[in-house]
Participant: 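Can you read through this structure? Questions will come right after.
The figures that follow rest on heavy atoms only: side chains count, while hydrogens, waters and symmetry mates do not.
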Amino acid sequence: MIHNLMYIELKTGYCDDGPAWIGYVKTSKTKNTIYFNNHAFQKSIGNYSNYIDIENGDEYWISGLKKKESNRHWAGHGKIMIDQRAVKEYLTLINEQELPLHLFEIVKIEDTFPIERVHKLLNEKRA
């Protein structure tokens, strides 16, 4: 499993203004499956999304982090929740000293990766 810092935004029901996070994820070697915040996502092709929640079908945009500009779509609004453990790494990436708090909210995100639960669910679907 690969452990990366990524941008995750819920698209279902929100378009470009959904809840968004910057946090640590686990990925499969191919990055076709991403685990974050007790959710599992599989690569998918949607109108405004690139991943789908395996368990509930919600669509998400998941990507690496941008060094310049906002990680949100240009038409999007709302604060991005960033894992408190990721702030230093993110500031280094964007070459800044302080996080612009009008764009971000620092939160605690637990490392809950439902790998076994999702594998069991996918195996039941195949049976």
Side-chain angles (χ1 to χ4, degrees):
M1 290 285 176
I2 301 167
H3 201 86
N4 290 323
L5 187 59
M6 298 187 87
Y7 175 77
I8 301 101
E9 181 180 332
L10 176 60
K11 292 295 191 175
T12 298
Y14 293 97
C15 194
D16 295 320
D17 293 328
W21 302 264
I22 291 177
Y24 292 102
V25 305
K26 281 193 176 184
T27 67
S28 62
K29 289 180 184 178
T30 62
K31 290 192 178 179
N32 284 334
T33 306
I34 293 178
Y35 302 93
F36 171 74
N37 200 22
N38 205 27
H39 292 269
F41 311 96
Q42 279 192 329
K43 191 81 170 145
S44 174
I45 298 173
N47 290 333
Y48 298 99
S49 64
N50 60 352
Y51 282 85
I52 189 166
D53 187 307
I54 293 171
E55 294 176 290
N56 66 25
D58 284 347
E59 295 183 16
Y60 285 78
W61 179 261
I62 301 176
S63 66
L65 300 174
K66 295 179 182 177
K67 293 181 183 179
K68 302 262 187 218
E69 303 172 9
S70 172
N71 287 279
R72 276 207 184 270
H73 184 276
W74 64 266
H77 300 90
K79 287 188 175 185
I80 297 170
M81 293 171 273
I82 185 168
D83 189 327
Q84 64 188 12
R85 300 169 298 167
V87 172
K88 185 177 178 181
E89 183 177 345
Y90 183 67
L91 288 172
T92 300
L93 175 75
I94 63 172
N95 199 26
E96 292 291 339
Q97 297 297 317
E98 292 184 14
L99 199 61
L101 295 178
H102 67 285
L103 299 175
F104 293 92
E105 178 180 345
I106 300 171
V107 298
K108 182 177 182 179
I109 299 174
E110 298 291 333
D111 285 337
T112 307
F113 307 115
I115 298 166
E116 293 158 13
R117 183 180 80 222
V118 169
H119 281 193
K120 182 179 177 184
L121 175 69
L122 292 175
N123 287 335
E124 287 172 0
K125 287 183 179 180
R126 289 183 191 132

Participant: Does any non-hydrogen side-chain atom of K26 lie less than 4.5 Å from one of I115?
Facilitator: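 Side-chain contact under 4.5 Å: yes.
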Participant: Report whether V87 and M81 are members of the same hydrophobic cluster (ILVMFWY, side-chain heavy atoms less than 4.5 Å apart, transitive linking).
Facilitator: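 No; tracing contacts between hydrophobic side chains, which count when under 4.5 Å, never links both residues.
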Participant: In sequence, state the C-alpha distance, the side-chain angles, and the governing distance for T112 and N37, and then conclude on side-chain contact (heavy atoms from CB on, under 4.5 Å).
Facilitator: CA-CA 5 Å; T112 307; N37 200 22; 5.8 Å; no
Participant: Of all residues at least two apart in sequence or in a different chain, which pass the side-chain contact (heavy atoms from CB on, under 4.5 Å) check with D17?
Facilitator: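 Residues passing side-chain contact (heavy atoms from CB on, under 4.5 Å) with D17: H77.
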Participant: Between atom CG of N38 and atom CZ of F36, what is the distance when rounded to the nearest 0.5 Å?
Facilitator: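 CZ of F36 is found 11.0 Å from CG of N38.
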Participant: Please list, chain by chain and in numerical order, all residues satisfying side-chain hydrogen bond (donor to acceptor under 3.5 Å, both in side chains) with Q84, sequence neighbours excluded.
Facilitator: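 Not a single residue meets the side-chain hydrogen bond (donor to acceptor under 3.5 Å, both in side chains) criterion with Q84.
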Participant: Could you tell me the separation between the CG atom of D111 and the CZ atom of F113, rounded to the nearest 0.5 Å?
Facilitator: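 If I round to the nearest 0.5 Å, the distance is 4.0 Å.
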Participant: Could you state the interatomic distance from OG1 (T12) to CG (N56), rounded to the nearest 0.5 Å?
Facilitator: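 Here the interatomic distance stands at 8.0 Å.
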Participant: Same cluster or not: Y14 versus Y48, using hydrophobic residues (I, L, V, M, F, W, Y) connected whenever any side-chain heavy atoms lie under 4.5 Å apart?
Facilitator: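 In one cluster with Y14: Y48, no.
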Participant: Could you list the residues that satisfy side-chain hydrogen bond (donor to acceptor under 3.5 Å, both in side chains) with S49, not counting sequence neighbours?
Facilitator: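 Once residues adjacent in sequence are excluded, the partners of S49 under the side-chain hydrogen bond (donor to acceptor under 3.5 Å, both in side chains) criterion are E59.
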Participant: When Ile, Leu, Val, Met, Phe, Trp and Tyr are grouped by side-chain heavy atoms lying under 4.5 Å apart, directly or through other members, which residues fall in the same group as I45?
Facilitator: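 Taking Ile, Leu, Val, Met, Phe, Trp and Tyr as members, I45 stands alone, with no cluster partners.
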Participant: Can you name the ring pair (Phe, Tyr, Trp, His ring centres under 6.0 Å) partners of Y7, sequence neighbours left out?
Facilitator: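 Once residues adjacent in sequence are excluded, Y7 has no partner under the ring pair (Phe, Tyr, Trp, His ring centres under 6.0 Å) criterion.
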Participant: What residues form a side-chain contact (heavy atoms from CB on, under 4.5 Å) with S44, not counting sequence neighbours?
Facilitator: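 In terms of side-chain contact (heavy atoms from CB on, under 4.5 Å), with neighbours along the sequence ignored, S44 is linked to I52.
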Participant: If hydrophobic clusters are built by linking Ile, Leu, Val, Met, Phe, Trp and Tyr wherever their side-chain heavy atoms come under 4.5 Å apart, do Y35 and I22 end up in the same one?
Facilitator: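 No, Y35 does not connect to I22 through the hydrophobic network.
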Participant: Got more than 12 heavy atoms from elsewhere within 6.0 Å of NZ, K66?
Facilitator: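 Yes, because the 6.0 Å sphere around NZ of K66 holds more than 12 heavy atoms from other groups.
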Participant: Hey, could you give me the OH/CG distance between Y51 and L10, rounded to the nearest 0.5 Å?
Facilitator: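 It is 16.0 Å, given to the nearest 0.5 Å.
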Participant: Among residues at least two apart in sequence or on other chains, which ones pass side-chain hydrogen bond (donor to acceptor under 3.5 Å, both in side chains) with E89?
Facilitator: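 If we apply the side-chain hydrogen bond (donor to acceptor under 3.5 Å, both in side chains) test to E89, skipping adjacent residues, the hits are Y24.
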Participant: What distance do I8 atom CD1 and W61 atom CH2 have between them, rounded to the nearest 0.5 Å?
Facilitator: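 One finds 13.0 Å between CD1 of I8 and CH2 of W61.
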Participant: Mind checking the CD1-NZ spacing from I62 to K31? Nearest 0.5 Å is all I need.
Facilitator: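 Nearest 0.5 Å value for the CD1-NZ distance: 11.5 Å.
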Participant: Salt bridge (Lys or Arg N to Asp or Glu O under 4.0 Å): which pairs involve residues 71-84, sequence neighbours left out?
Facilitator: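 For residues 71-84: E9-R72, D83-R85.
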Participant: If the condition is side-chain hydrogen bond (donor to acceptor under 3.5 Å, both in side chains), which residues does D16 pass it with, not counting sequence neighbours?
Facilitator: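 If we apply the side-chain hydrogen bond (donor to acceptor under 3.5 Å, both in side chains) test to D16, skipping adjacent residues, the hits are K11, H73.
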Participant: Does the T33 side chain pair with the main chain of Q42, one donor and one acceptor, at a distance under 3.5 Å?
Facilitator: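 No, because the side chain of T33 does not come within donor-acceptor range (under 3.5 Å) of the backbone of Q42.
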Participant: Tell me every residue that passes ring pair (Phe, Tyr, Trp, His ring centres under 6.0 Å) with Y60, counting only those two or more places apart in sequence or in another chain.
Facilitator: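 With neighbours one apart ignored, the set is F41.
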Participant: Side chains of I80 and P19, heavy atoms from C-beta outward: is any pair under 4.5 Å?
Facilitator: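 Result no, sub-4.5 Å side-chain heavy-atom pair not found.
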Participant: Taking the side chain as every heavy atom from C-beta outward, state whether N4 and T27 have any atom pair closer than 4.5 Å.
Facilitator: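 A side-chain contact exists here, since the closest heavy-atom pair is under 4.5 Å.
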Participant: Provide the closest heavy-atom pair for P114 versus A40 in the form atom of the first, atom of the second, distance.
Facilitator: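 Between these two residues, the closest heavy atoms are CG-N, 4.2 Å.
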Participant: Does anything in residues 40-55 form a salt bridge (Lys or Arg N to Asp or Glu O under 4.0 Å)? List the pairs, not counting sequence neighbours.
Facilitator: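 Every pair satisfying salt bridge (Lys or Arg N to Asp or Glu O under 4.0 Å) with a residue in residues 40-55: E55-R117.
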Participant: Please tabulate, for the side chains in residues 90-109, all donor-acceptor contacts under 3.5 angstrom to protein atoms that are two or more places apart in sequence or on a different chain.
Facilitator:
{"residue": "Y90", "atom": "OH", "partner": "N71", "partner atom": "ND2", "Å": "3.1"}
{"residue": "T92", "atom": "OG1", "partner": "K88", "partner atom": "O", "Å": "3.0"}

